[in-house]
Amino acid sequence: MISVKLPDGSAKELSDGASAADLAKSISDGLARVAVAAKVNGAVVDLQRALPDGADVQILTKKDAEALDVLRHSAAHLMADAILRIFPKAQLTIGPVVDDGFYYDIYLPDQKITPDDFPKIEAEMAKIVKAGHPFVRCVSDFNEANEFYQRYKAIDGGHNKFKQELVGGIKDRGEELTFYKHGDFIDLCRGPHVPDTSWLKHVKLTKVAGSYWRADAEREQLQRVYGTAFFSKNELEDYFKFLEEARKRDHRVLGEQLELFFMDEDAPGFPFFYPKGATIWHLLVDFMLGNLRRRGYHEVKTPLVLSEHMWHTSGHYDNYMENMFFTKMKLRDEERPEKVNENVDEERPMAVKPMNCPGHLMLYRTRLHSHNEFPLRIAEMGLVHRRELSGVRHGLFRVQAFTQDDAHHFCTPDQIKGEIGMLIDFFKEIYGAFGLTDVHIELSTKPEKAIGDAGVWEKAEAALKETLEEKDIEYQLNEGDGAFYGPKIDFHIRDSLKRSWQCGTIQLDFSMPARFGLVYIGADGQRHTPVMIHRACYGSVERFMGILIEHFAGAFPLWLAPLQVQIIPVSEKFSEYAKLINAKLVEFGLRSEVNFKDDRVGYKIREASLQKIPYAIVLGEKEQEAGTVNVRSRDKGELGEMQLDNFLSGIEEWKK
RNA sequence: GCCGGCGUAGCUCAAUGGCAGAGCACUGGUUUUGUAAACCAGCGGUUGCGAGUUCGAAUCUCGCCGCCGGCUCCA
């Protein structure tokens, strides 16, 4: 007999060699039916595995997050089996679980797997599901003569050097070599898996993409087939509904439909803003500037271009060169004026700024500072340019030029915690103003490519940790993810679809002030090097705008709506009255216009709705006679006829 | 940058080797309109750019540019 401990603390006696499946059955038949896998001493294993005496055991059902991973990993095997049946030359590599599904990387240099193949693959998968093959764990040794090893090698021809490499790694680490088989298919795998293939009814392939063996661009190119799996049809359908909803909110699509911005192939990664988009951009900037002024920031403007020399001083040249735009001249040849010499170096080469900090450092050092001015907060809506690889550009989210709501705090070492604490509260308040209240914080530490000495890094990291802990804020630690000049705190916010976006950042810098020779006169009358804090709340104004477009699905709250009211005269006869009302609305401070087009009211209402304008005001004979307005709200439908003053006073309330 | 897919009117898309088309938008007209699409007409194109194959290329081939999906997850 063995005894195992259940999550509720109780013990259960089982016969020797009993499995988690036996345990589940001994608890209840119902549990046995829904059991997916088991957690034994903290590790997720198959239900069929024999339980060790004295183990802590938890039966996992579809309600447990780990169970979904097990299901999806099994689905990856299922897909691999089906793909091998259709593409016999395919060589399997790895097939892990990812956030919203799974993938399998496949080496198949002479053939392409495309979404057109999905129906075939899925049909094959359905057959295997129907057969209900049990997943069987097969333990092998490293002798290739082993039965399972042999069977496995027969699966993809025995020439699969990728799996051989993996087996080598397992051997080197001294781990157990296991295969999992279902039906005739067998694959190198650590497991665990669901009991049998009939669990995999709700599986769908989603996309194909390229990848590399070991994520190394120098190695073999693989084809990555993505899929997802759920325990129920409903969950699978909900997932696709979510994707559909996200697609409808795509800021690139809404950006065109709502006339906010556009891209042109002659300016890749450089967005153009239409008047409506520019309005939102300015609203975001004005909102931020007001908040900065209230907190004692000083707004400055620094140049877009600095000498290359300055970028050597700052360390950007060495650490960020690939992402910078450099200036080169084109000169007519002195001998042959028709010839143009390309890419001529300037005597003093210049570079476009990818960050604002050097400019702020140069500004700081123009005069002597006292500790009495500290903390000194210098802010700039700084336009920066960063070269990005062509394949990574994406709408407003990844561009080559954007405006940072950037600021640098100069302070004494003992002011650091106060500044960090202030910033955390400040940033959360800003996000809250947009209804973005789900914020989580990550702390990133020293990367491989770093400047400054190790002791300084440790001090900086400790300062950030202590502040977070003293404020009792939960955070995630990302080792090695810091900026090259210092550790940082990043703010991640979840939008209305629960998607996470990184926005704000607070970065400590104990290096750059020294590189630029910055000093302040301390209370002791001596010169000291100030501490510098880099910080941005939106991060990029343009990107933040993209996030807001998706968060609100283009239906901006009144204060952010580029056009707040559109007036719709019932016919041309009421144009004058419409102009009069519009003038009053504009006078009141609203962004309002009249739709003078010769269309039916219904058509104009439709257009106003599609443009997601918060209020449409219909004006006709009745309203003109009575001196009233007839209001339709985007969110609440028709509000009916009312006095203009009532509309205006109601707006304060309605906009919430 | 790499892999896969794609690029036709401002937008969404059709035409698969044989005369470049439709709807919306836009312009003009009719209509004078009452809460999600009135009617008629017109304008709109070097089919991303450049070479090649062909009697003939939007369509096939090659190169370039751009866009879309991926490229952290290690059985």
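This one's a predicted model, so the numbers in the text were calculated from it and none came from an experiment. These values consider heavy atoms only, across backbone and side chains, with no hydrogens, waters or symmetry-generated copies.
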Determine: side-chain N/O of [X] to OP1/OP2 of [N], distance under 4.0 Å, yes or no.
X	N	value
A/Arg252	B/C68	yes
A/Lys207	B/G70	yes
A/Arg393	B/C67	yes
A/Arg214	B/C71	no
A/Lys597	B/C26	yes
A/Tyr226	B/C71	yes
A/His394	B/G70	no

Can you work out whether A/Tyr104 or A/Arg606 has the more 5'-proximal nearest nucleotide on RNA chain B? A/Arg606
With sugar-phosphate meaning primed atoms plus P, OP1 and OP2, does [X] contact a base, only sugar-phosphate, or nothing at under 4.0 Å between heavy atoms?
X	value
A/Glu220	nothing
A/Asn630	base
A/Glu388	nothing
A/Lys604	nothing
A/Val167	nothing
A/Gln221	sugar-phosphate
A/Arg632	base
A/Glu607	nothing
A/Gly602	sugar-phosphate
A/Leu222	nothing
A/Ile568	nothing

Of the options [options], whose atoms approach the side-chain atoms of [X] most closely?
X	options	result
A/Ala209	B/C73, B/A36, B/G70	B/G70
A/Leu389	B/A37, B/C2, B/G1	B/G1
A/Arg600	B/A75, B/A38, B/C73	B/A38
A/Glu572	B/C73, B/U32, B/U35	B/U32
A/Glu638	B/U35, B/A75, B/G34	B/U35
A/Lys573	B/U32, B/U35, B/G1	B/U32
A/Tyr603	B/C24, B/G34, B/C71	B/C24

With the threshold set at 4.0 Å, does a side-chain nitrogen-carboxylate oxygen contact exist between A/Lys579 and A/Glu576? yes
Any luck finding a side-chain donor-acceptor pair between [X] and [Y] under 3.5 Å?
X	Y	result
A/Tyr239	A/Asp100	yes
A/Asp196	A/His182	no
A/Asp481	A/Ser444	no
A/Tyr615	A/Asp635	no
A/Trp501	A/Glu550	no

B/C11 versus B/G63 - spacing of their P atoms, nearest Å: 28 Å
Rounded to whole angstrom, note down the P distance from B/C67 over to B/G34. 46 Å
Quiz item: A/Tyr103 side-chain donor-acceptor pair to B/C73 base, under 3.5 Å: no
Has the side chain of A/Glu322 got a donor or acceptor atom sitting under 3.5 Å from an opposite partner on the base of B/G1? no
Look at the aromatic rings of A/His77 and A/Phe135 and report parallel, tilted or perpendicular, splitting at 30° and 60°. perpendicular
